[in-house]
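Shown next, in structure tokens, is the structure this report addresses.
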Amino acid sequence: MMDMSDLTLLLTQFRFIRPEWLLLLLPFGYLFYVQWKSQEAGSQWQKNLPEHLRKALTVGGSGWRRQLPLLILLLTSALVILVCAGPTWKKQPSPFHEDRTPLIVLMDTSQAMLEKDVAPDRLTRAKQKVEDLLAIRAGGENALIAYAATAHIAMPLTRDIAVFKPMLEALSPEIMPKEGKNAASAISQIQQQLQRRDIPGIVLLITNDVSAQSISQFHDYFSQHKHQLLVLAAGDNTRTSDLPLNMNHLNALVDMSNADLHALTVDNTDVEWIKRKVENHAALNASTHQPWQDMGYYLLFPVALLLLLWFRRGWLVQWSVAALAIFTLLAVPESAYAESVHQVNPASEKSEAPEPDVGERLKQFWLDLWLTPDQQGQWYFRRGDYLEAAEHFADPLWKGVAYYYASQFNAAHTVFMQSSEEVMQFNAANALAHQREYVAARKLLRELVKTYPDNAAMQHNLQVIEGIIEEINQFSESQSGGENANEGSVELGDEPQTADGADEQTNTQVMIQDKLTAEQLLGDEAIANKWLERVEADPKMFLRSKFSIQYQQAQEQ
């Protein structure tokens, strides 16, 4: 069901890709008007006859029924003109612009999220919802911030769901340095994550309550930025709870921060709602260089239905000549794509395909008969068969596009490196980044920025890659606990709390023995795997140590 935000998006974004075609409505409208008047004038003599004689001497009916073929032809022609004009209200999906909206999940990790008015408890259900959202939001950047009395970045913006999920699962009140609930303490972390992004982001707050002070601070922040706040209410007021869901406070936050609110649901309604809000936000803030998606093709269905009426007796011969002339004028073939894709990445080597059956051979024969290899590639590309499209494309850029959509980034890099052109080299760097070859991608982007200093997209991607490497360095630094690294306890809250056991204490000491740089982590696969094994062994322990260090550093400032 379309809500007000969807309607606003449609009205705001609606336009015609080729509006000059609409000028044809004027001459065609005039021609139909002349024909209508001509038919009316030719039938004036019938009005002088008695009704019983007129019915006996005339065929084809009278009045509007006699003009029905002309009206159908007028409507069909108008629809065909609209198809040619290219009505649209959303952007074309493109590899480096698709779902670029950064999404920050701001997770309440206080004791209130352990209430069981939502089974099994609020926090577990919230984690499940975030995982469902990540599963359907392929390719988008996501960050995770946990807060109680203080807020901490559990995972900076990343597209890697495999790294994101363990940190999400590790969240619990026991890893937070201090008990309490202060959502506004995350504003500085939100700003840190979004300040280097060139498009506004989405903040998804999952909680059961917010304080008046947090409401005021959120209002101040979001009134000064174009970022969108979404609130997912965790709780169920129909069931008893020691810390109930406070919809009054959440509604006040929504009203003051121009946010949107949805409650946790048993089904996937809430996740689909979040996904739709993110897509709408991305569409409203899409790059002006992103091509528009032609939606006029859907009008061909009513056109086809109207054409069926031409098989009525007496219509086909009478109006076929006029219809043929109109469709000959309008049926100008379009290129397979309205606009070229400027930034993409190709993929893996061709794999041996099984011998095609008779039907496949006939289809290929038919395609070879009428379409060039690039047109065949476009035909498969539009149907989502990207690997098959890559097999047919002769143009290296489009071959790279198809490989990229198939997530074959290694082959994408190989294809793009075959050319020294600006766009091909840029796409090669992006392909490296998608393979998490961040150091190599940074090196190539630095060379490109020197060669093409006016390319804003290259500068932006270089900043993103450098930010990722910086975040990895920060993760590495958190492995070292400084002077207190070898102590058997970490300070959590107001009183020191010992580790859960000797095994955990030993793992902590092993984890903080080495301090690795980003170049070491990304340049040596063995070292990277060793480092990741330490984190993956117990992400809860890792986050608790990290948050504790951050809390101590904040107290010292």
Side-chain angles (χ1 to χ4, degrees), residues 96-97 99-109 126-127 130 133-134 137 139-148 150-168 170-171 175-177 182-207 214 217-232 257 259 274 277-278 281-282 285 433 436 438 442 459-478 518 535 539 542-543 546-547 549-551 553-554:
F96 297 101
H97 294 281
D99 201 4
R100 288 181 55 210
T101 303
L103 171 65
I104 296 180
V105 178
L106 182 54
M107 181 73 74
D108 184 351
T109 322
K127 292 178 183 179
V130 174
L133 178 61
L134 294 178
R137 190 177 183 252
E141 282 192 308
N142 308 281
L144 178 63
I145 299 178
Y147 77 90
T150 57
H152 305 271
I153 298 176
M155 176 56 60
L157 283 169
T158 179
R159 297 178 186 273
D160 195 335
I161 299 177
V163 176
F164 189 100
K165 284 185 176 180
M167 301 303 170
L168 174 66
L171 294 185
I175 71 172
M176 304 307 293
N182 182 12
S185 63
I187 291 178
S188 59
Q189 282 85 356
I190 293 172
Q191 189 169 6
Q192 174 188 342
Q193 291 297 302
L194 297 178
Q195 64 183 357
R196 288 185 299 210
R197 297 304 188 269
D198 58 349
I199 56 176
I202 294 279
V203 178
L204 173 62
L205 171 62
I206 307 179
T207 184
S214 292
Q217 291 179 290
F218 271 113
H219 166 70
D220 293 340
Y221 178 77
F222 284 98
S223 62
Q224 299 174 12
H225 299 82
K226 294 183 179 180
H227 308 308
Q228 175 69 35
L229 175 64
L230 302 179
V231 181
L232 191 60
S257 303
I274 297 170
K277 290 294 181 180
V278 173
H281 184 75
N285 296 279
R436 288 188 282 179
Y438 300 124
R442 180 181 65 178
Q459 295 176 359
H460 168 73
N461 283 17
L462 177 58
Q463 292 177 356
V464 172
I465 297 300
E466 289 177 338
I468 292 173
I469 294 176
E470 180 183 343
E471 292 293 345
I472 294 175
N473 274 329
Q474 291 178 1
F475 266 121
S476 178
E477 291 173 1
S478 69
V535 176
F542 174 80
L543 289 180
K546 176 185 175 182
F547 293 173
I549 293 170
Q550 292 176 346
Y551 177 74
Q553 290 174 346

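Fair warning: this is a prediction, and the values are worked out from it, not measured in the lab. Numbers here simply count residues along the sequence, with the first being 1.
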Are the side chain of [X] and the backbone of [Y] linked by a donor-acceptor contact shorter than 3.5 Å?
X: Gln193; Y: Pro156; value: no
X: His152; Y: Ala146; value: no
X: Glu141; Y: Thr101; value: no
X: Lys127; Y: Lys165; value: no

Quick one: [atom1] on [X] to [atom2] on [Y], what's the gap to the nearest 0.5 Å?
X: Leu103; Y: Leu133; atom1: CG; atom2: CG; value: 6.0 Å
X: Phe222; Y: Ser257; atom1: CZ; atom2: OG; value: 6.5 Å
X: Leu205; Y: Ser214; atom1: CG; atom2: OG; value: 9.0 Å
X: Ile187; Y: His225; atom1: CD1; atom2: NE2; value: 10.0 Å
X: Thr109; Y: Met176; atom1: OG1; atom2: CE; value: 5.0 Å
X: Met107; Y: Ile206; atom1: CE; atom2: CD1; value: 4.0 Å

Who passes salt bridge (charged side-chain N to carboxylate O under 4.0 Å, His left out) against Asp160, sequence neighbours left out? Arg436
Shortest non-hydrogen contact from [X] to [Y]?
X: Ala259; Y: Leu229; answer: CB-O, 3.1 Å
X: Gln217; Y: Ala184; answer: OE1-CB, 3.0 Å
X: Ser223; Y: His219; answer: OG-O, 2.8 Å
X: Pro200; Y: His227; answer: CA-ND1, 3.6 Å

Heavy atoms, side chains only, cut-off 4.5 Å: are [X] and [Y] in contact?
X: Leu144; Y: Ile153; value: no
X: Thr158; Y: Val163; value: no
X: Gln228; Y: Lys277; value: no
X: Tyr147; Y: Thr207; value: yes
X: Pro102; Y: Leu194; value: yes
X: Phe547; Y: Thr150; value: no

Check against side-chain contact (heavy atoms from CB on, under 4.5 Å), Ile202 and Leu230: CA-CA 7 Å; Ile202 294 279; Leu230 302 179; 3.8 Å; yes
If we check side chain to side chain contact (heavy atoms under 4.5 Å, CB included) with Arg137, which of these qualifies: Ile161, Asn142, Ile274? Asn142
